Trainee: 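Below is one structure. I have some questions about it.
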Amino acid sequence: MFDKKKIMSLAAAVLFLPALNGCLIEVEYDNMATHDPVESQTDSSYERDEHSHARPNQVRSRHIHLDWNIDFESSILSGTATHTLVRQPNFPQAPLIVDVKALKIHGVRGGAGTVDQDLIWQIEKGDDVLGDALRIELAPGIDTVEISYQTTGAGSGLQWLNKEQTSSKKAPFLFSQSQAIHARTWIPCQDSPGIRLTYSARVRCRPDLDVVMSAERQEAKDGVFRFQMRHPIPSYLIALAAGELEFRSMGPRTGVWAEPAVVEAAAWEFADTEQMIDVIEGLYGPYRWGRYDILVLPPSFPFGGMENPLLTFATPTVLAKDRSLTSLIAHELAHSWSGNLVTNATWRDFWLNEGFTVYVEQRVVEELYGKERADMEIMLAMDDLDEEMAGMAPEDQILHVDLKGRDPDEGFTGVPYDKGAAFLRLIENTMGRKNIDLFVRHWFDSHAFQSRTTADFRSALETALSDVENSIDLESWIEGPGLPSDAPRPKSEAFSRIDTSVAAWWAGEMKLDAMPTESWTTQEWLHFLGRQKEAVSKASMIALDEAFHLTAKQNSEIACAWLLLATEANYTPAWPRLREFLTSQGRRKFLKPLYSEMNKDVSLRAMAKEIYKTARPLYHAISTATIDEILGR
Ligand code: BES
Ligand code: ZN
């Protein structure tokens, strides 16, 4: 009999040999970014993005130059966005259409390589989710369009913090968050992940502050900053921050920016970053962006992290003082391959960004911290996914989810992340680690600096799998709801030991203080607390707190899990800590479950509303949108 595995690996090796050779010849990756992104997308099934008004097949922006003034007095960003266009000859009359939302447009000029004429433009009304279309008429030959504009207070893409909202309380702070479709609230652009462009910027700001962007910083002098992004990226990766910032180097390619009070702690926490790059390079080829720095934001940052190229934005809530939450950095760094190098073409394909990235993140954790730790993190994620999916509509449980007519931010659930990663782990188990590594590397190499759809991935996968009897039901994994029964679920001995102890405690056969908690990692605590959901009561909360002082724990993930139990059990001694937690950070992942749980109970609802009243001005628009909906504002 033939050994199917062997045939498979042989087939894959032949199939991917070109990719392997490419790596041996040591290609100068950095200088390879000048090809035309849409031209090279002819092998993609990308047609249109329902979350953008742009018509890139007619007129497309390939470079944007941003000339801005940051005014902290008025909380307004103003200036010009100058687009360099590619016009398709078949559409000589086609206008340039860019997405705009909550922007004030002052005027549009253009020309052939210049901006010497006023152009005719108009705003075409869109809806509350997409915003409007700015339509600019283009006479023949016009390939440069300069839009003068300013932001308004209504935009969700920028958060302006006053100095009291920062940790040093000395200077105001500004940061952007563009994914998924918030870029259009601070930059008039073709705001679709299927459209890629290079960018440059000249930014003026108060001279006592620092300005950083998701690009190489070329100049920083007397309040004038210049930046350049040489690789074509989607608009959602354009990012800006300004404030009192300090920089600490961590390694030859890595460093951290943060407010002075935080920078030392951040550099310590993220010390493994350089090694993480080495691990991913070993698996999937060179890091093609040059430097990798991390910006630690003030606590209102609504996400854990955001993979802005060259400069990951991160929440200060990962600074656990024991490096136990740094898989978040592995995740954002992994996006330098999955997401930033090869990008989801539309927000329906978001799982391509996040599922791949969680998979790579888990591989990094395994390599650096061991399989036991990686398996624990996978199990925690799978438990969360099971719980979340149980409360989700079937159509939202689909990897290739239909988001038409909806805000793409609604696609931000555990499904693209953890169901996506489970799918890749299943593929790994089916074709073997060596083959999936070659396959994924080839996927990144062959589509570098391009955007791809789920259909593109599926056909690449089908090619790779075709030589063996394909046991994976691709259709139900990609297009179906729920989690297929072949989803791989690792086991963890450490978690099993905790399960045994918990069962013994519940049976009255073991005292809490006999549990070996001294040696527990953050992941073990999280599993332990997860198990408490099954039998939470006021009495158990009192016992747990007395034994382990959980209300006083500062680790943000542990705090969130504990406070969630406290709200379920109406454990009032935790209220001061709950209030402190909700008013000291604005990460949506922590706010959402806590406010939701409080909202279920009449008396707690009043407390939730009262805390929210104080906390809301500190939160980012992305978080308040979610919490407003929960509390019915
Ligand atoms: N790119 C995402 C954040 C994002 C996704 C922002 C969609 C807006 C819309 C980022 O890489 C991410 O996934 N962050 C996670 C942390 C990660 C460790 C799972 C987060 O912020 O929770
Ligand atoms: Zn991510």
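Keep in mind that this is a model prediction, so the values were computed, not measured. Reckoned from all heavy atoms, side chains included, excluding hydrogens, waters and symmetry mates. Numbering of ligands and ligand atoms starts at 1, following listing order.
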Trainee: Less than 6.0 angstrom from the centroid, inside 45 degrees of the normal: does Lys553 satisfy that with respect to the ring of Trp562?
Mentor: no
Trainee: With the Zn ion (ligand 2) at the apex, how many degrees lie between OE1 of Glu354 and NE2 of His335, rounded to 10 degrees?
Mentor: 100°
Trainee: Salt bridge check, Arg363 against Glu367: does any charged N sit closer than 4.0 Å to a carboxylate O?
Mentor: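 Arg363 and Glu367: not salt-bridged.
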Trainee: Is it the case that ligand 1 has an N or O less than 3.5 angstrom from some N or O of Asp409?
Mentor: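 Between Asp409 and ligand 1 (N or O atoms, distance only) the closest approach is not under 3.5 Å.
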Trainee: Tell me, please: is Tyr236 in heavy-atom contact with ligand 1, that is, under 4.0 Å?
Mentor: no
Trainee: Would you mind finding which of His182, Glu377, Met306, Glu307 brings a heavy atom closest to atom 1 (N) of ligand 1?
Mentor: Glu307
Trainee: Given the side-chain rings of Phe457 and Trp351, with only the six-membered ring counted for Trp, is the space between their centroids under 6.0 Å?
Mentor: yes
Trainee: Is Glu332 in polar range of ligand 1, meaning some N or O pair under 3.5 Å apart?
Mentor: yes
Trainee: Between His331 and ligand 1, does any nitrogen or oxygen pair lie at a separation below 3.5 Å?
Mentor: yes
Trainee: Asp628 side chain to Ala625 main-chain N or O, any donor-acceptor pair under 3.5 Å?
Mentor: no
Trainee: So which heavy atom in the protein is nearest atom 2 (C) of ligand 1, and how far is it from that ligand atom?
Mentor: Glu354 OE2, 3.3 Å
Trainee: Select the closest option to atom 10 (C) of ligand 1 among Gly305, Pro416, Ala381, judged by heavy-atom distance.
Mentor: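 Shortest heavy-atom distance from atom 10 (C) of ligand 1: Gly305.
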Trainee: Heavy-atom distances under 4.0 Å decide this one: backbone, side chain, both or neither, for Phe412 against ligand 1?
Mentor: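 Phe412 to ligand 1: side-chain contact only, backbone stays beyond 4.0 Å.
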Trainee: So does Arg406 pair up with Glu50, basic N to acidic O under 4.0 Å?
Mentor: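 The answer is no: the pair does not qualify as a salt bridge.
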Trainee: Salt bridge or not between Glu580 and Arg577? Use side-chain N to carboxylate O under 4.0 Å.
Mentor: yes
Trainee: If you have a sec, work out which protein heavy atom is nearest atom 4 (C) of ligand 1 and how many Å separate them, to one decimal?
Mentor: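 Here the nearest protein heavy atom works out to Gln179 OE1, 3.2 Å.
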Trainee: Check whether the ring centres of Trp289 and Phe449 lie less than 6.0 Å apart, and answer yes or no.
Mentor: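 Under 6.0 Å, so yes.
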Trainee: Around atom 20 (C) of ligand 1, find the nearest protein heavy atom and jot down its residue, atom name and distance.
Mentor: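 The closest heavy atom on the protein side is Gly304 N, 3.4 Å.
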Trainee: Would you call Arg489-Asp386 a salt bridge at under 4.0 Å N-O?
Mentor: yes
Trainee: Under a 4.0 angstrom heavy-atom cut-off, which atoms of ligand 1 come close to His335?
Mentor: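 Result: 11 (O).
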Trainee: Does a side-chain N-to-carboxylate-O contact under 4.0 Å join Glu568 and Lys533?
Mentor: no
Trainee: Can you sort out which atoms of ligand 1 are near Gln177, meaning under 4.0 Å from one of its heavy atoms?
Mentor: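 Result: 6 (C), 8 (C).
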Trainee: Using a strict 4.0 Å threshold on nitrogen-to-oxygen distance, state whether Asp278 and Arg253 make a salt bridge.
Mentor: yes
Trainee: Would Tyr417 count as a polar contact of ligand 1, with the cut-off being nitrogen or oxygen pairs under 3.5 Å?
Mentor: yes
Trainee: May I ask you to check if ligand 1 and Arg587 share an N or O to N or O distance below 3.5 Å?
Mentor: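 Such a contact does not occur with ligand 1.
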